Amino acid sequence: MPNQISRQELEEPIWQQISRSHRLDDRPVILFDAVDSTNSQALALAKEGAASGTVVIAQTQSNGRGRLGRTWESPKGDGLYFSIITRPPLQSRDLSKITLAVGLALRNGVAKVSAIDARLKWPNDLLFEEKKMAGVLTETDITVDSEPTIIIGIGLNVNTAAGALSLDLAARATSMYIAAGHRFDRGVVLAAVLGEVDREIARLLNNDFGGILADWRANDAAYGKWLTWLTPKGQKITGLSLGPDEEGLLHIRDASGTDHPVLSGDLAITAV
Ligand code: BT5
C-alpha cells in the first residue's frame with residue numbers, strides 16, 4: 001500500500017525536509033517534538049559544545065519562557081519556537097542591541113514571505129494591528145568556555161488560530177495566518193527569518209548599529225505615542241515614546257519634560 005501523504009507534508013514541504021535532514025543549508029537544526037524551553041535546551045547543548053549557528057526548534061514547549069518569568073504559549077505544530085546558538089564577539093552589555101537587531105530581522109523575515117507589514121515594540125515585540133505576533137528572548141551564559149554564548153530565542157505565531165491560545169491571550173495576540181488569511185510552510189518562514197538574523201548580526205559586528213537603529217525606528221509601533229512604563233520597582237511612569245537610543249535603551253518623556261531612560265520593565269501603549 002502506498003504511503004499516505006499527510007496534510008502537513010503537503011502544506012509544509014520545506015518544514016518536512018528540514019525535519020528529515022536536520023539541516024537548513026549549512027546549519028544544523030535540532031528538532032524536538034516537545035521540550036520545556038528551546039532556550040534552556042540550546043543553553044544546555046551550547047555547554048556540550050554545539051556549534052555556533054545551530055538551531056534548536058520544537059513543535060511545542062511545556063515551559064516556553066518570556067521575559068521576567070513570563071510564559072510563551074506554544075500550541076503544538078502551529079508556530080515557530082526556536083533558539084539559535086551564537087558565539088559572536090560581543091559583550092553581554094550588547095544584549096539589548098542584539099535583541100533590537102533580532103526584532104528587526106524577524107519583522108523583515110516575515111515581510112519577505114508575506115505581505116504582512118508588522119511593527120516593533122521595544123524591546124522585543126513584533127506587533128500587527130497592535131496585537132502580538134512574536135517575541136524575542138535573548139539570553140547569555142558567559143561561563144560557557146568563558147566565551148560569551150548568546151542564545152537568541154524566537155517565538156512566532158505562524159499558523160496559529162485564535163482558538164489555539166488561551167482565552168485571555170487570544171484578544172491580544174495574532175499570527176501570520178490570522179493576518180494573511182492563509183497558512184504558511186514554517187520551513188519557508190524559518191529560512192527567511194534565519195537569513196535576516198544573520199544579516200542583522202553581521203551588521204552589528206560591522207559596527208553598524210546606527211543603521212539597524214534607523215531601520216528599527218522606521219518600524220517603531222510606539223514612536224510619538226504615550227506609553228505607560230511599569231518600572232522594575234513597581235512605579236508607573238507615563239510619557240511620550242522617543243524611541244531607542246544608540247545604546248538600545250528606550251527613552252520616554254513625561255508631561256513635566258523629564259526624559260526617562262528605560263532599561264527594563266513592562267511597557268503598554270496608552271490610548272489617549
Ligand atoms: C517575549 O517575552 O515576548 C519573549 C518570548 C520568546 C519565546 C521564545 S519561544 C522559543 C524560545 N524558547 C523559550 O523558552 N522562549 C523563546 P515577553 O515580552 O515577556 O512576553 C511574554 C508575554 O507575551 C506573555 O506574558 C503573554 O502576555 C504574551 N504571550 C505569551 N504567549 C504568546 C503567544 N504565543 N503569542 C502572543 N503573545 C504571547
Side-chain angles (χ1 to χ4, degrees), residues 18 22-74 79-109 120 122-126 132 134-158 186 189-205 209 212 248 263-264:
I18 295 168
H22 305 286
R23 298 201 79 77
L24 179 54
D25 303 324
D26 291 341
R27 199 190 276 278
V29 177
I30 302 173
L31 174 68
F32 291 101
D33 196 37
V35 287
D36 51 353
S37 150
T38 58
N39 263 31
S40 305
Q41 294 294 326
L43 209 48
L45 288 161
K47 280 184 180 160
E48 289 165 15
S52 183
T54 301
V55 175
V56 180
I57 183 160
Q59 294 277 25
T60 186
Q61 304 178 107
S62 56
N63 187 27
R65 294 189 280 110
R67 293 174 306 135
L68 313 165
R70 292 188 287 236
T71 51
W72 186 258
E73 291 189 16
S74 313
L80 280 172
Y81 319 115
F82 65 101
S83 304
I84 313 163
I85 297 171
T86 58
R87 295 192 183 88
L90 294 168
Q91 310 291 319
S92 47
R93 64 178 150 79
D94 293 320
L95 267 191
S96 52
K97 292 183 188 171
I98 297 176
T99 303
L100 295 186
V102 172
L104 177 65
L106 190 48
R107 193 216 93 84
N108 290 341
L120 296 159
W122 191 93
N124 66 330
D125 287 357
L126 187 70
K132 186 155 169 170
V136 177
L137 180 67
T138 318
E139 294 181 306
T140 185
D141 182 348
I142 48 171
T143 62
V144 181
D145 292 340
S146 69
E147 231 187 345
T149 294
I150 294 173
I151 306 294
I152 298 169
I154 295 178
L156 169 62
N157 298 329
V158 181
R186 284 172 297 160
V189 180
L190 176 66
V193 171
L194 289 174
E196 291 297 312
V197 169
D198 282 351
R199 205 173 91 92
E200 297 305 334
I201 297 288
R203 248 174 131 185
L204 196 57
L205 296 177
F209 184 63
I212 295 171
L263 282 155
S264 68

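In this text the structure is predicted, and so the values were computed from the model without any measurement. We use all heavy atoms of the structure for the numbers below, so side chains are in, but hydrogens, waters and symmetry mates are not.
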### Task
Assess whether side chain to side chain contact (heavy atoms under 4.5 Å, CB included) is satisfied between K47 and T149, documenting all intermediate values.
CA-CA 9 Å; K47 280 184 180 160; T149 294; over 6 Å; no
### Task
Could you go through the side chain to side chain contact (heavy atoms under 4.5 Å, CB included) check for N124 and L137 one step at a time?
CA-CA 7 Å; N124 66 330; L137 180 67; 5.8 Å; no
### Query
Checking side chain to side chain contact (heavy atoms under 4.5 Å, CB included) for the pair I57/T38: CA distance, chi angles, key distance, verdict?
CA-CA 6 Å; I57 183 160; T38 58; 5.6 Å; no
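With contacts defined as side-chain heavy-atom distances shorter than 4.5 Å, the pair R186/L156 does not qualify. Put simply, the side chain of L95 reaches to within 4.5 Å of the side chain of I150, judged on heavy atoms. Between I30 and Q41 the shortest side-chain heavy-atom distance does not fall below 4.5 Å. Using a 4.5 Å heavy-atom threshold, the side chains of I154 and L106 count as touching. Counting heavy atoms from C-beta on, the side chains of I18 and L190 come closer than 4.5 Å. Here the side chains of V193 and F82 are in contact, with some heavy-atom distance below 4.5 Å.
Shortest non-hydrogen contact noted between D125 and K132 is OD1-NZ, 2.7 Å. Smallest separation of non-hydrogen atoms from G53 and I84: O-CG2, 4.2 Å. In terms of heavy atoms, D198 sits closest to R27 at OD2-NH2, 2.8 Å. Closest approach of R67 and P123 over heavy atoms only: NH1-CG, 3.7 Å. Residue S74 comes nearest to Q61 through the heavy atom pair OG-NE2, 3.0 Å, listed as atom of the first residue, atom of the second, then distance. Q59 and Y81 make their closest contact through O-CE1, 3.3 Å (heavy atoms, listed as atom of the first residue, atom of the second, distance).
The structure places OG1 of T138 at 14.0 Å from NZ of K97, a figure rounded to the nearest 0.5 Å. From I98, atom CD1 reaches atom CD of E139 across 12.5 Å, with rounding to the nearest 0.5 Å. With rounding to the nearest 0.5 Å, the separation of OG in S40 from CG in L45 is 11.0 Å. For the atom pair CD of E200 and CZ of R107, the computed distance is 10.5 Å after rounding to the nearest 0.5 Å. Once rounded to the nearest 0.5 Å, the distance linking CG of L194 with CZ of R199 reads 14.5 Å.
Listed by chain and residue number, V56, S83, I85, I151 satisfy the side chain to side chain contact (heavy atoms under 4.5 Å, CB included) test with A42 (two or more places apart in sequence, or in another chain).
One N or O on the side chain of R87 and one on the backbone of A46 form a donor-acceptor pair closer than 3.5 Å. Under a 3.5 Å cut-off, the side chain of S37 and the backbone N or O of N39 do form a donor-acceptor pair.
Annotation: salt bridge (charged side-chain N to carboxylate O under 4.0 Å, His left out) contacts involving residues 29-40, sequence neighbours excluded, comprise D33-K76.
Of the listed residues (L100, L90, D94, V102), just one forms a side chain to side chain contact (heavy atoms under 4.5 Å, CB included) with L204, and that residue is L90.
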